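Here is how names work: the chains are called A, B, and so on, in the same order as the sequence lines, proteins then strands, and each is numbered from 1. If you're wondering where the values come from, they're calculated on a predicted model, not measured in any experiment.
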There are 2 protein chains.
Amino acid sequence: MSQLKNATIVKAANIYYDGQVTSRTVIQEDGSKVTLGIMLPGTYEFGTDGPEIMEIVSGQLKVLLPGADTWQEINGSATFHVPARSKFALEVFSVTDYCCSYPAE
Amino acid sequence: MSQLKNATIVKAANIYYDGQVTSRTVIQEDGSKVTLGIMLPGTYEFGTDGPEIMEIVSGQLKVLLPGADTWQEINGSATFHVPARSKFALEVFSVTDYCCSYPAE
């Protein structure tokens with residue numbers, strides 16, 4: 001089972017869309033941040049400041065990335081990249097567990 | 001903002017009640033476990049193996065502890081103890097953020 005070691009976790013959750021999307025912020029040993037989150041079924045749009053790497057640990061969803069004209073379907077696990085200062089849309093069909101990381105630009 | 005430091009976090013979420021209750025397992029530096037969780041509005045029943053200390057970080061809910069004949073109302077933050085090998089019921093009215101710890105018996 002994958003684990004994040006020697007990390008700091010912020011106790012209070014991040015809550016979006018009335019709790020349909022929630023996450024916990026984790027600062028890793030090297031200072032980099034990840035958020036571990038849950039998305040319940042629904043339709044969402046998120047914006048980025050810097051680039052993001054979304055690792056879907058488990059779930060069924062589709063994603064519309066900025067500039068794309070077709071939705072990417074995910075069943076199970078997958079990773080997608082979102083550019084800085086952009087918006088992406090998600091349609092989530094089953095409880096989705098994710099790990100989002102924030103690489104330097 | 002309260003943080004748990006030098007911790008190991010299990011990447012995959014714990015998912016209950018179709019995702020209406022989810023949590024992340026955190027192993028603290030001293031080896032003790034806590035789970036950081038979210039409960040969405042709904043009615044739930046949970047059982048314990050060992051004793052549990054539930055810290056409600058934020059939320060509106062009521063709790064029926066084992067042996068109690070009245071519900072305890074919580075608005076905001078609160079802590080309650082649940083004995084080992086027992087069941088407790090929760091009626092959650094707003095998104096509730098919690099930290100559950102598992103002291104030795």
Measuring from atom [atom1] of [X] to atom [atom2] of [Y], what distance do you get when rounded to the nearest 0.5 angstrom?
| X | Y | atom1 | atom2 | result |
| --- | --- | --- | --- | --- |
| Met54(A) | Thr48(A) | CE | OG1 | 11.5 Å |
| Ser58(A) | Ile15(B) | OG | CD1 | 5.0 Å |
| Cys100(B) | Glu52(B) | SG | CD | 4.0 Å |

Can you establish whether the number of heavy atoms outside Asp30(A) located under 6.0 Å from its atom CG is more than 12?
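Yes, because the 6.0 Å sphere around CG of Asp30(A) holds more than 12 heavy atoms from other groups.
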
Does a sphere of radius 6.0 Å around CG in Asp18(A) hold more than 12 heavy atoms from other residues, nucleotides or ligands, not counting ones at 6.0 Å or beyond?
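No, the 6.0 Å shell around CG holds no more than 12 heavy atoms from other groups.
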
How close do Pro103(A) and Ser101(A) get, counting heavy atoms only, and between which atoms?
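Scanning both residues completely, I find the closest heavy atoms to be CD-O, 3.4 Å.
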
Which pair of non-hydrogen atoms, one from Val10(B) and one from Gln3(A), has the smallest distance, and what is that distance?
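Taking every non-hydrogen atom into account, CG2-NE2, 4.1 Å.
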
Does a donor on one side chain and an acceptor on the other come within less than 3.5 Å for Gln28(B) and Ser32(B)?
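Yes - a donor-acceptor pair under 3.5 Å links their side chains.
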
Could you verify whether a donor N or O on one side chain and an acceptor N or O on the other, from Asn14(A) and Thr22(A), lie under 3.5 Å apart?
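No, Thr22(A) and Asn14(A) have no side-chain donor paired with an acceptor closer than 3.5 Å.
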
Heavy-atom pair count under 4.5 Å with chain B, highest-scoring of Val95(A), Ile9(A), Asp97(A)
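The candidate making the most pairs under 4.5 Å is Ile9(A).
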
Neighbourhood of chain A inside residues 33-47 of chain B, taking heavy atoms under 4.5 Å as contact
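So the qualifying residues are Leu36(B), Gly37(B), Ile38(B), Leu40(B).
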
Considering heavy atoms only, which positions within residues 65-89 of chain B lie below 4.5 Å of chain A?
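Under the 4.5 Å heavy-atom cut-off, nothing qualifies.
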
Thr96(A) side chain to Ser94(A) backbone, donor-acceptor under 3.5 Å:
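Pair found, side chain donor or acceptor close to backbone of Ser94(A).
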
Chain A heavy atoms under 4.5 Å from Glu55(B): which part of the residue, side chain, backbone, both or neither?
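Answer is side chain: those atoms of Glu55(B) sit under 4.5 Å from chain A.
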
